[in-house]
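Taking it in order: structure first as structure tokens, then the write-up.
In what follows, every heavy atom counts, from backbone to side chain, and hydrogens, waters and symmetry copies are set aside.
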Amino acid sequence: MKEYNVGIIGATGMVGQRFVLLLAKHPWFKVKVVAASPRSAGKSYRDAVAGKWKFDCEIPENIAALSVKNAIDDIQEIASEVDFVFCAVDMKKDDIKALEVAYAKAECPVISNNSAFRMTDDIPMVIPEINSDHIKVIEAQRKRLGTKRGFIAVKSNCSLQSYVPAIYPLDKKFGIKDVLVCTYQAISGAGKTFETWPEMIDNVIPFIGGEEEKSEKEPLKIWGKVEDGKIVNATSPAFTAQCIRVPVSDGHLGAVFMRFKDGKKPSREEIIECWNNYSGRAQELDLPSAPKQFLHYFNEDNLPQTKLQRDLEGGMAISLGRLREDTQYDYKFVCLSHNTLRGAAGGGVLFAELLCAEGYLD
């Protein structure tokens, strides 16, 4: 695989910092540009994140000395220096849309961590192990934008990453009618640490703005089919969600209840076998960031635990456990994903690897 020069737009935020760490020694991607708001522009990356670096490890030296560019005013310059960009900015939705379209029209592909374009029907929102075929809508999007190389691709919301990978293979094999999920989400999902959000210590907040709507609607796009250059959302399974912020640094835990179609209830052993044997395009292509085993089922009653399993396979694997029959639904189980790795920057890097391997970033 050739080496690609990449940029990180929104490099000073928590997800941007996670991109920096993941890409510092990536075998395919070399960070050529870091960009942020005008107040950070012109500073070295080290100085721009001074006092707000979120991680215990040091800033990678090969990136610390880079001069931060203006993410808004330097689009043409950035586009001329990189093959594509990762975007993780903290802006209003309309401003994000304008920014990402500007990069795409500058013939610079955008792999976005933002939610602004997730439900646009010619913009792929991909979990590489599940709906990798959705990337073929990029050609229709390029025609709409009038670009040759430029396009926008997005990753799904972090809250989905624990339960959608578990539900999808079961639905494809057995058919699932409806799903109820409660997610218990880490504070890093809000870009916070306990130092910057002390109110979360010894506390639970039963509301995360916009999260439940995303958790219910986005899976139906992932389940959707590409028809005539657009992704047509699925109509089932039906999802209902409740999302809660809990005093955990990293890792989103889900409690899931599921009901199968037409009374076709598989055995517990059949479900676990389906999980253990499932893999996707990311594993087929042996992408650098792909977990070898996508879904890990734990037989112990007290697993998975957020602190113990969130970093499984570099934080890119999904942990499952406590599968048992339910008195109202057919089955219930718990699931866990690392929200800033699989759910954010790591998922974005894996998506970019898929796009490279399939030729969309050449």
Between [X] and [Y], which heavy-atom pair has the shortest distance, and what is it?
| X | Y | answer |
| --- | --- | --- |
| R310 | S249 | NH1-OG, 3.3 Å |
| A290 | Q283 | CB-NE2, 4.0 Å |
| G315 | L341 | O-CB, 3.6 Å |
| C108 | V82 | SG-CG2, 3.9 Å |
| P291 | R342 | CD-NH2, 3.6 Å |
| L21 | C57 | CD2-SG, 3.6 Å |

Donor-acceptor contact present, side-chain [X] to main-chain [Y], <3.5 Å:
| X | Y | answer |
| --- | --- | --- |
| R149 | L361 | yes |
| H134 | V226 | no |
| R118 | K155 | yes |
| E129 | F294 | no |
| Q185 | C243 | no |
| D83 | Y4 | no |
| N339 | G251 | yes |
| D74 | E77 | no |
| Q293 | N276 | yes |
| Y163 | T183 | no |

Of all pairs that satisfy salt bridge (charged side-chain N to carboxylate O under 4.0 Å, His left out), the ones with a partner from residues 168-188, not counting sequence neighbours: D178-R259

Examine the side chains of [X] and [Y] and answer whether a donor and an acceptor come within less than 3.5 Å of each other.
| X | Y | answer |
| --- | --- | --- |
| S159 | S215 | yes |
| T340 | R18 | yes |
| H296 | Q309 | no |
| E211 | N157 | yes |

Is it the case that one hydrophobic cluster holds both [X] and [Y], taking links as side-chain heavy atoms less than 4.5 Å apart, direct or via other members?
| X | Y | value |
| --- | --- | --- |
| F239 | Y331 | yes |
| I9 | V20 | no |
| I231 | L355 | no |
| V164 | L253 | no |
| F55 | I59 | yes |

Counting heavy atoms not belonging to [X], are there more than 12 under 6.0 Å from its [atom1]?
| X | atom1 | answer |
| --- | --- | --- |
| R268 | CZ | yes |
| K332 | NZ | yes |
| K261 | NZ | yes |
| K32 | NZ | no |
| D301 | CG | no |
| D202 | CG | no |
| Q328 | CD | no |
| K148 | NZ | no |

Is [Y] close to [X] at the side-chain level, that is, under 4.5 Å between some pair of heavy atoms?
| X | Y | value |
| --- | --- | --- |
| V31 | F86 | no |
| Y103 | I78 | yes |
| W28 | C356 | yes |
| Y297 | N299 | yes |
| P165 | Y278 | no |
| L295 | P169 | yes |
| L170 | W275 | yes |
| T12 | Y45 | yes |

Please round to the nearest 0.5 Å and tell me the distance separating atom [atom1] of [X] and atom [atom2] of [Y].
| X | Y | atom1 | atom2 | value |
| --- | --- | --- | --- | --- |
| L312 | S337 | CG | OG | 11.5 Å |
| K265 | E270 | NZ | CD | 12.0 Å |
| I222 | I167 | CD1 | CD1 | 12.5 Å |
| S37 | D73 | OG | CG | 11.0 Å |
| S289 | M316 | OG | CE | 5.5 Å |

Before you tell me yes or no, could you show the steps for F351 and Y360 under ring-ring contact (aromatic ring centres under 6.0 Å, His included), namely the whole-Å CA-CA distance, both residues' side-chain angles and the distance that decides it to 0.1 Å? CA-CA 11 Å; F351 191 5; Y360 284 86; 9.7 Å; no

Check ion pair [X]-[Y] (N to O, under 4.0 angstrom):
| X | Y | answer |
| --- | --- | --- |
| R46 | E61 | yes |
| K192 | E199 | no |
| K292 | D286 | yes |

Quick one: do L354 and E358 satisfy side-chain contact (heavy atoms from CB on, under 4.5 Å)? Show the steps, please. CA-CA 6 Å; L354 172 70; E358 302 286 17; 3.9 Å; yes

Given the options V85, L23, V349, V6 meets side chain to side chain contact (heavy atoms under 4.5 Å, CB included) only with L23

Please evaluate residues F174 and K264 with respect to the criterion side-chain contact (heavy atoms from CB on, under 4.5 Å), reporting the C-alpha separation (whole Å), side-chain torsions for both, the decisive distance (0.1 Å), and the verdict. CA-CA 7 Å; F174 305 112; K264 296 178 180 178; 5.9 Å; no

Does the side-chain hydrogen bond (donor to acceptor under 3.5 Å, both in side chains) test come out yes or no for E218 and S156, once each step is laid out? CA-CA 7 Å; E218 289 185 17; S156 61; 4.7 Å; no

Against D122, only a single residue in K221, R144, K143 fulfils salt bridge (charged side-chain N to carboxylate O under 4.0 Å, His left out); can you say which? R144

Specify whether H26 and F29 have parallel, tilted or perpendicular ring planes, treating 30° as the upper limit for parallel and 60° as the lower limit for perpendicular. parallel

The remaining residues in the hydrophobic cluster of M200, counting side-chain heavy-atom contacts under 4.5 Å among Ile, Leu, Val, Met, Phe, Trp and Tyr, are I187, F194, W197, I201, I205

Under the side-chain contact (heavy atoms from CB on, under 4.5 Å) test, residues paired with D95 that sit two or more places apart: M91, K92

